[in-house]
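Have a look at the structure below, then the notes.
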Amino acid sequence: MNEPVLEIKGLDVDYGVGAEAVHAVQDVHLTLHRGEVLGLAGESGSGKSTLAYGLTRLLPPPGVIRGGEVIYHPDDGEPYDVLQLTPKQLRDFRWAETSIVFQGAMNSLNPVHKVSTQLMDVIKAHDPRSTRASRLARARELLRLVGIAADRLDAYPHQLSGGMRQRVMIAMALALEPRVVIMDEPTTALDVVMQRQILAQLVELRERLGFSVLFITHDLSLLVEFSDRIAIMYGGRIVEQARGVDLYRDALHPYSDGLLHSFPALRGPRRELTGIPGSPPDQRSLPLGCAFAPRCPHAFEPCAGHVPVLGAPADRDDTTRTVACWLHPAEDDATATLSLS
Amino acid sequence: MRYLLQRLGFYVFTAWAAVTINFFIPRLIPGDPVQSLITKNQGNLSADAIQSLYVLFGLDKNESLITQYFHYWAQLFRGDLGLSFTFFPTPVTSVIGDSLPWTIILVGITTVVGFLIGTSLGVVAGWKRGSWVDGLLPVTTFLSSVPYFWLGLIAITLLAGPGSFFPSSGGYDPGLVPGWDGTFIGSAVQHSLLPALTILISSMGSWILGMRNMMVTVASEDYITVAHAKGLKERRVMVSYAARNALLPSVSGFALALGFIVGGTLLVEIVFSYPGVGYELFQAVGSQDYPLMQGIFLIITLSVLVANLLADVAYLVLDPRTRKEG
Amino acid sequence: MAEENTVATEQAVADREAAPATAGAAAPDDVVLEASGLTKHFAVRKRGRDLLTGTKRSVRAVDDVDLVLRRGRVTALVGESGSGKSTVARLLAQLYPRTGGDIRLHGKSVTVKGGKAFRAYCRQVQMIFQDPFASLNPVHTVRYHLTRALKIHDRAGEDVEQALHDLLTRVQLTPPERYVDKFPHELSGGQRQRVAIARALGADPEALLADEPVSMLDVSIRLGVLNLLRDLKERLHLAILYITHDIASARYFADDTLVMYAGRMVEGGDSETVTQSPAHPYTRLLIESAPDPDRLDPGTGKEPGEVPEEKGAGEPPSLIAPPSGCRFHPRCPAAMQRCETDLPPRFEVDDSPGHWAACWLYDSAVTP
Amino acid sequence: MALPAADFKAVAPLPAEAIAGPAAKRRRFRFLTGGKTLTGLIVLAFFVVIAIIGPWIAPFDPSARSNDLLESPSGKHWFGTTHLGQDIFSQVIVGTRSVMLVGLTAGIVATILAVLVGVTSGYLGGSAGEGLSALSNVFLVIPALPLIIIIGTALPSGGDYLVAVIIGFTSWAWGARILRAQTLSLRRREYVEAARASGESTWRIIFFEILPNLTAVIASSFVGTVVFAVMSEITLAFVGVSSFSEWNWGTILFWAQSQQALAQGAWWWFVPAGLAIAILGTALSLLNFGIDEFVSPRLRSGGKTKAKNAAGKTVRLRVGFTPVLGREKP
Amino acid sequence: GGGSANAGGGNAAAVLNVGMPNGPQAENNNPFLETSAAASLGYRYVIYEPLVMLNRVKPQDPGKPWLATKWDWSDNYKKLVLTIRDGVKFSDGTPMTAEDVAYTFQLLRDNKALNIDSVPYKDITPSGNQVTLAFDSSQFVNQVKILQTIVVPKHIWSTIKDPTTDTVKNPVGTGPYTLKSFTPQTITVSQRTGYWQEAPKVKEIRYTSYNDNNAQVSALTSGAAEWSFVFIPNYKTVYVNKDPQHYKLWFPAQLAVHGLWFNTEKAPWNNATLRQAINKVINRDDIFNQGEAGYFYPKNDQATGIPSPAGDPFIAPQYKGQTVKVDVAAAKAQLTGAGFKLNGNQLVDPAGKPVTLKLSVPSGWSDYITDLEIIKDNLAQIGITATVDKMNQDAWTKSVDTGDFEGVLHWTNDGATPYDMYRDVMDGNRYKPTGQGGINGNYGRYKNDAATAALQTYANAADDASRATAMATLQQIMISEQPMIPLMAANSGGEYSTRNWTGWPDENNQYGPAQPTLRNALDIVLHLKPAA
Ligand SMILES: Nc1ncnc2c1ncn2[C@@H]1O[C@H](COP(=O)(O)OP(=O)(O)OP(=O)(O)O)[C@@H](O)[C@H]1O
Ligand SMILES: Nc1ncnc2c1ncn2[C@@H]1O[C@H](COP(=O)(O)OP(=O)(O)OP(=O)(O)O)[C@@H](O)[C@H]1O
Ligand SMILES: [Mg+2]
Ligand SMILES: [Mg+2]
């Protein structure tokens, strides 16, 4: 369970070049383990999508990757850096090893092609020698996997409901049985009933197929329930990373804490909701120190001048979690870069 | 079903309105065909001829405009467009029949080819922003801003002339009889090269630009990113995902262009002395040949409508979202 | 209220006294807006076949909805996407003509289509739209939006600038000078939503119809807007209709909660009761589906798959040909024979006063 | 005029303390600073200036005959002379006014019509809207140029304005169609609904809520019409059917053509006017680029399409393959 | 069509290429219709032949007997006896007889639409090889029109339902050529057998219609067209110098003029002195050289306005050799004498109003516009402010028709004598008041009873002497009243190339005007010989 499958090291992603550049993702270290669901949360604009697209080099212009490594550990063979692949290698890598379900399935399907065409497309691209019949059979099977009748193969995207489209996308993501599935807010546009249906299906599929999921959302309550680990992003950096339960019970970073006190709970006693005052930082010119410092109720002098390093907090006896906050400085900067043993 | 009925209703209405306008507008011109025939002949036709020409053209009976209008419709329903004055007594249908194929073949083919080439270049320009094709844009913009006739005349001066491969005028070698034989077709093709080339050059710019912009817009759609993420071949993403969607808005523009083939060829035909409908129309206007003018307008109107219908159908075929179920 | 009077509210009070609507003694004083039997059917395009058979088809977006908005109370309307929540709000705002039913403002039945009467109605009932990114005109400044709101309803008084500042202060956009001359794109989502609310307040209404005012916002910003609404309710004693499909927020911010399914009200009552002990099977489904951080371990506790797949998983029903009887019966785990044929009326649920459900399970005549 | 009116909002003073203000303003005007748009504007401004002062700076009376018959360009006659010894340079300069006048007037007329018909039919919907839409479709079906020729022939004689009005009246349909489509989509926008819900009257909604959002589209269709009008005017003059007496570039080309200038070897008679048209047309197209990019931010080429990576090599920013620049190793 | 038509190609030497700038043609070979392709390109005259071949360049020359061997006028030109040639066969082999001639005249008489010259035919009686035509009035001035009539076969035309709307797909005439092929662009006629005279050397004539003057001129310069009638600006550079040895043109004057007309009903243009003065300041040389490219409409500075040399025999002895010369001083003196005043640069009429002149012209007529620009400059010399008002052709035609103008350039009819021309200028019988349309000549609304009477006399006089007197009267009125200012003669010429064919008419051999669309074209074709 603890073998890494995808290691992000020091990833820097900008929009634009030069002085106008927006530093959307900065020095991100994150490891995805085999078979786990890693939740990535953070408020709107914190760089979650950018991170997800960046690690597969799918950012549209003016996005550029300024540096870092994305090490992929295949089942067999040596780990390699995804960012160094040639276009040809990258194309082969994509979807076969890492697939993505995008924010808003409404727009992820090509409106002019049938669902079957789009499903079979991807199989053909990675296995040119497959026959049409075998591809069709596979497409059928995939749809069944996500609970859609096979007669919908000939439907066009607009003929499907939002939930069905989202499930088609999940089916497509699983078409090549990748090791990693990245999901960028796959359920935001759906209502809760549908959302739960899809997530239940996903959990079940993961158990069967054993892929790892990077699950992006800003709905923390959803993550707490579904993911093994949660990473919180703020201002382009990971500010905290811990197991869901730990985070929910005892968030170390003031931002995580604020987030957790921003949504009401449906059950149990009414909690006090504090919210997070202030507004998100301008990523064109981030504050010198901790990006959250201007909004932080606990900010003190090192915060403004020095960027806190992500590392296991010295004040907690817990190696499974890391945090980047001067309130909980890392015990050893050297360990900070390697997240878990 | 209902959609089609609605469209049909629209077409019928538009056709009626256009034909009505086409009927009345030529009659607003002062003077009449006889006067203008006399004037055109500048003395070679004696003024004494006026009376006999009135009788000849049947203009001596004083019908009211409304009566003429109803007669015109009655005539139309019989498939009769009347007799041309300029070529009296040749029926308008045969005048148009002589010239229409030339226009359709020359301008039709160049419009289609221009659209294909322009769109393809646009696809590449939009897809590979910053590449050399994209760098072509200012040049094509300039070329499409040059008045067509000017470009044509310069082309004739520079490229055509005695001894040149390009003939400077006409649709085929004088002395040839139109027919489906090699000599004639070869000559027709040779004569159409220069006009075709100039039409291409001046029309391609807008196709390139339109397609490029659509490509840029479409390229940032999510499904394109998904297609990349799926590891599809670059070509496949470009053609089957991006271009296929970017093409949709161009379809109606293309249909409109097809419809205006007939109407928009005046200058081509004047400059290259090409035997087509545009020049015929110009002549008809010059000599107040109402029947011919109306006939050509009818053709133009119909072709625009048919092109629109084609666009509707093409849209229905190309964009599954517009197809209604049930 | 007396302590918090501002210039605008004083004026409003004067207006209210002058308004003939208040003279209606029929309704209890605190009921501001009341709808009964509200129905809206949207005509759909005919298909070729229907032209022949002459059948008329329509989307029955809202059917027979009763609803009461009281002064100083927030009423939440929850339900899944497409259940007709926005349609109810628009009907209440008189933006759609209704197919049937009655809307009473201070006990007086009103039907307005446009012009003066519509304006007079707007003065008392204002609507806030779902999407803060779409409901402000990108070419106008905050000043324009708010000035218009004041001017239309002649609430500006002598000093427009002062009134503007009051409005902005009331929605906690302080200091006002920093915001008045901004364009919408220069504001954050929460700030925009506040401007939208300020605009609605500009008319100094008595009832505020808030159609999913926070669904597009980030959790942290969302909270600010909701707190603001609650604050408005408390300070200005507005009657607020809060539409959402986030049932947890309904629990926190609304006094009463109504649940809608496929164009019909299926349950209603005091928020805490409805969310903590839901009566109608649909409400239960809704609440079970909502993400809940307290279901901590995905492996243990309540399995996400616990929601009965076959029944609950169904698609929302077609509103063109809605299921007969109870509209939820095709998906209902507890469906009975009669659910398929008979439309359930409102039944009192005895766990708390005012709690009702439109479900045969609560038919006291059958279940003792 | 050609400066998109969409930007009046940017002119509204922003308070000094609004930090985002100047930056936002700069960003909004950025489409003007793009090389293309700026070039277009400068060239257009040049022609406008010539149009205004042309008659004063022309060295000769453009109609005056002289004894320098059909001379090639020289210090005295920069663009040479005609068969009557008229100075072609003066003709081009003086002719600019008519071209600009007709282009702009026709553009204004057509734009007003397009806005009236398009926006009204889009906003009203129902049978009135359908009727107006049918009207614009009829005008779309009728071929404009032949129609202009006929109407031009029908009117005995008239100045530039008449020609402009005719062109304007026959070329609004396309703009109306686009505006109608835009209005139809704007009408469904929530801010329009919101304005209605807050009690705004219909005309205020059309003029203050919808129209300002259409300015970019209107501006770009205005520029398009101006191009069309200029081309039409020149074509009319070239085929010899227009009835106006003033000089314009088309008239020059008409004379060149009827005197068979190219056959006579008098290229100077032909080239300047044609180039002037092409340059004006290009300038207007460039301006249209700018407006298009303004309307659809995705077309903005303001962002670079190339970047340098750590090794100093240029890499293209392309969809699907984000470039990895690499960090300069310390 | 068919493939065979394009095979062969033909020996260049046997083919004559004619071009006209008339645009695409529709298949219509009806010789009586001016709208037919046959008329527009001129091939009707190599298929159908006239009774008599007359030479427009020398109207006083007797005609060449053609289908008629003799024509005798009697009864003061009220009766004409035509003797028809024997042995002439139509191209279908049927012999041509007096019946056919009589039928042709009947056709014209019975179909007003075909009688384009409005000749009042009355009794037509064939007998033997003679046809007798009787008229109610003297046909002295119509002689030419009647004698030039082309003859069509009765056996074919009598079966045509409506000769005015028949396109005569298969033209059958007595001429040496028959229609070989028709395309909208090129019409080919080829020689037939059994022509009554010596067969022409030209085996085939191709008539190509070009869309405009430019195309026509480049066809001429490239040699693709060998014979045409088209305006060539700067003809030396553009055309002749391309091959000075072979490329020729000859544009002899005919008996019609182009001139400056005034609406003589509008003040101050009703003042003859003013018109005379204007006559003295217009620079006809400039007009000829710059406006008419030095050849197109021959310069006409005869005081009587009668073009030379065609009209020379008609000029009264006292006016022989009198030409108009530019004399600004004289013009000024004349004006001052008549009560006009020159205020600085502005002429003021006796009524005290400044004299301005609006010259109307169709906007596309570049030579007329050029001419008027010159006139405008000339008039400035005597203080008249003229403006050239370009309008579209139809509006112009209408304004000429209704007299709604101050000054225009316009032409007159032509004829075998100056009668037709003078009648157009000053026939009181054709007068219509300003504002009334449908005028047929006398565009200047000129009324002068003496002139009207003289025209009457000329047309109906029984003897040549009274005709000469009447003609002298007309000339005197023309000079003293100047109802219109003749500037140039109408032309009937053409451009031709001597590279393949020689024998064309020219200055030294004026046997007919070199225009390919006139009756004389047949005569010319018969004269052509292959170049050595
Ligand atoms: N094309 C672009 N040009 C400049 N800045 C951009 C661009 N795209 C995104 N950004 C900025 O990058 C930052 C990160 O954006 P990103 O889309 O990754 O956020 P996110 O966390 O996914 O937010 P959300 O939850 O709203 O999806 C934001 O501040 C955004 O404004
Ligand atoms: N103008 C309209 N014409 C036809 N059908 C409509 C119209 N507006 C809404 N509907 C239909 O009425 C039903 C209810 O729509 P409504 O917008 O009220 O739902 P909602 O509960 O607000 O959904 P959401 O949570 O997604 O906003 C839907 O099925 C919708 O498709
Ligand atoms: Mg995102
Ligand atoms: Mg809604």
Side-chain angles (χ1 to χ4, degrees), chain D residues 61-72 81-86 91 98 148-160 162-163 166 233 235-248 250-266 269-270, chain E residues 212-222 230-239 241-242 283 286-287 289-294 358-378 380 387-399 402 404-405:
Chain D
D61 175 349
S63 309
R65 300 187 305 128
S66 74
N67 291 325
D68 310 330
L69 303 185
L70 213 58
E71 283 190 355
S72 55
T81 59
T82 69
H83 69 307
L84 293 180
Q86 296 156 332
Q91 293 180 346
S98 158
I148 294 171
I149 293 181
I150 291 185
I151 301 180
T153 315
L155 298 166
S157 66
D160 284 341
L162 192 68
V163 175
I166 296 172
E233 183 200 14
T235 306
L236 284 182
F238 175 72
V239 299
V241 297
S242 64
S243 49
F244 42 94
S245 307
E246 290 93 343
W247 280 103
N248 69 47
T251 337
I252 300 172
L253 291 177
F254 164 75
W255 279 105
Q257 172 74 347
S258 65
Q259 294 296 321
Q260 298 176 17
L262 289 177
Q264 297 197 44
W269 201 347
F270 217 85
Chain E
D212 66 351
N213 289 3
N214 286 277
Q216 176 62 71
V217 172
S218 47
L220 279 173
T221 53
S222 72
V230 63
F231 176 73
I232 307 178
N234 202 352
Y235 71 99
K236 286 203 183 95
T237 326
V238 174
Y239 172 63
N241 288 353
K242 296 270 155 75
N283 188 331
D286 279 359
I287 290 179
N289 289 321
Q290 294 177 21
E292 302 303 334
K358 198 170 83 182
L359 298 162
S360 311
V361 66
S363 54
W365 295 14
S366 57
D367 61 331
Y368 263 33
I369 297 177
T370 310
D371 298 344
L372 287 175
E373 289 290 344
I374 295 168
I375 291 174
K376 180 177 111 179
D377 278 5
N378 296 155
T387 48
V388 180
D389 187 19
K390 288 161 229 160
M391 48 178 68
N392 68 64
Q393 186 179 308
D394 297 301
W396 179 79
T397 308
K398 185 156 184 237
S399 69
T402 56
D404 178 23
F405 66 91

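Order of the sequence lines fixes the chain letters, A, B, ..., with proteins taken first and strands second; residue numbering starts at 1 for each chain.
Checked against side chain to side chain donor-acceptor pair (under 3.5 Å), D/Thr235 has no partners two or more places apart in sequence or in another chain. In terms of the side chain to side chain donor-acceptor pair (under 3.5 Å) criterion, E/Glu292 has no residue partners (sequence neighbours excluded).
For chain D, no part of E/Lys398 is nearby; none of its heavy atoms comes within less than 4.5 Å. Using a 4.5 Å cut-off between heavy atoms, E/Asp377 contacts chain D through its side chain alone, with no backbone atom that close. In this structure, chain D has a heavy atom under 4.5 Å from the side chain of E/Asp286, while its backbone stays farther away. Of the atoms belonging to D/Leu262, not a single heavy atom falls under 4.5 Å from chain E. For E/Asp212, the part lying under 4.5 angstrom from a heavy atom of chain D is the side chain only.
One distance of note links CD of D/Gln264 with NZ of E/Lys236; it measures 12.5 Å at 0.5 Å rounding. Note that OG of E/Ser366 is 9.0 Å distant from CD of D/Gln260, once rounded to the nearest 0.5 Å.
With respect to chain D, the highest number of heavy-atom pairs below 4.5 Å among E/Thr370, E/Thr237, E/Ile232, E/Asp367 belongs to E/Thr370. Looking only at heavy-atom pairs under 4.5 Å with chain D, the residue among E/Thr387, E/Val217, E/Val238, E/Ile374 that has the most is E/Ile374.
Nearest heavy-atom pair across D/Ser258 and E/Pro233 is O-CG, 3.9 Å. Across every non-hydrogen atom of E/Gln290 and D/His83, the tightest pair is O-CD2, 4.0 Å.
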Inset, instruction - Given side-chain contact (heavy atoms from CB on, under 4.5 Å), test D/Gln259 with E/Asn234 step by step and report yes or no. - result: CA-CA 8 Å; D/Gln259 294 296 321; E/Asn234 202 352; over 6 Å; no
